[in-house]
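If you read the sequence from its start, that first residue is 1, and numbering goes on from there.
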Amino acid sequence: MNFENFGQSLQLMGIGLATVFCVLLFIIFFGNVLIKLVNKFFPEEEKAAPSAAASASAVDANVAQAINAAIMKLTGGKSKAEKIERI
């Protein structure tokens with residue numbers, strides 16, 4: 001076996017691994033900075049409070065009772081739907 005270049009190959013591998021590690025750290029750091037800048041200068045619009053249209057999308061009382069009865073039967077009486085909405 002030829003071990004002349006073994007030390008040099010380990011050194012090159014270490015330099016390559018360190019370089020990749022540093023580049024990934026830079027990507028993470030600058031990605032987080034970019035996210036903070038975008039969120040600061042271009043915040044996401046807040047959704048409006050639910051209006052009367054949301055109450056109109058509620059399901060019929062008979063349907064809600066049927067859904068609750070099915071849930072109670074499937075779970076053995078351990079669960080109950082708190083809010084049922086039409087999608």
Side-chain angles (χ1 to χ4, degrees):
M1 294 190 125
N2 188 1
F3 290 107
E4 298 173 355
N5 297 325
F6 189 69
Q8 186 180 9
S9 62
L10 285 177
Q11 183 180 15
L12 287 173
M13 184 180 69
I15 291 171
L17 289 173
T19 303
V20 169
F21 183 74
C22 289
V23 168
L24 290 175
L25 285 179
F26 281 126
I27 290 171
I28 291 170
F29 174 74
F30 287 118
N32 285 334
V33 169
L34 180 63
I35 289 170
K36 288 179 183 178
L37 286 174
V38 168
N39 286 336
K40 182 178 181 181
F41 292 111
F42 303 103
E44 187 174 334
E45 295 178 10
E46 294 183 17
K47 295 183 179 179
S51 61
S55 62
S57 67
V59 295
D60 186 33
N62 292 334
V63 175
Q65 286 179 351
I67 292 172
N68 274 325
I71 292 172
M72 296 288 273
K73 181 167 178 121
L74 287 172
T75 61
K78 294 180 182 177
S79 297
K80 182 180 177 184
E82 293 179 6
K83 185 177 182 182
I84 302 172
E85 292 180 344
R86 185 179 309 262
I87 308 178

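Evaluation of the side chain to side chain contact (heavy atoms under 4.5 Å, CB included) rule for Ala70 yields no partner, not counting sequence neighbours. Shown here are the side-chain hydrogen bond (donor to acceptor under 3.5 Å, both in side chains) partners of Lys83, two or more places apart in sequence or in another chain: Glu85.
Other residues sharing the hydrophobic cluster of Phe21, ordered by chain and number and joined by side-chain separations under 4.5 Å: Leu25.
A continuous path of ILVMFWY side-chain contacts below 4.5 Å connects Phe41 to Phe30, so both sit in one hydrophobic cluster. The cluster map of Ile, Leu, Val, Met, Phe, Trp and Tyr, joined by side-chain heavy atoms under 4.5 Å apart, puts Val23 and Val33 in different clusters.
Rounding to the nearest 0.5 Å gives a distance of 12.5 Å between CD1 of Ile27 and CG of Leu34. With rounding to the nearest 0.5 Å, the separation of NZ in Lys80 from OG1 in Thr75 is 11.5 Å. Remark: Leu10 CG to Ile15 CD1 distance equals 11.0 Å, nearest 0.5 Å. Between the CG atom of Leu12 and the OG1 atom of Thr19 there is a distance of 10.5 Å, given to the nearest 0.5 Å. A distance of 11.5 Å separates CG of Leu74 from CE of Met72, quoted to the nearest 0.5 Å. Here the CD atom belonging to Glu82 is positioned 10.0 Å from the CG atom belonging to Asn68, to the nearest 0.5 angstrom.
Scanning both residues, Ile71 and Ala81, for their nearest heavy atoms gives CD1-CB, 3.7 Å.
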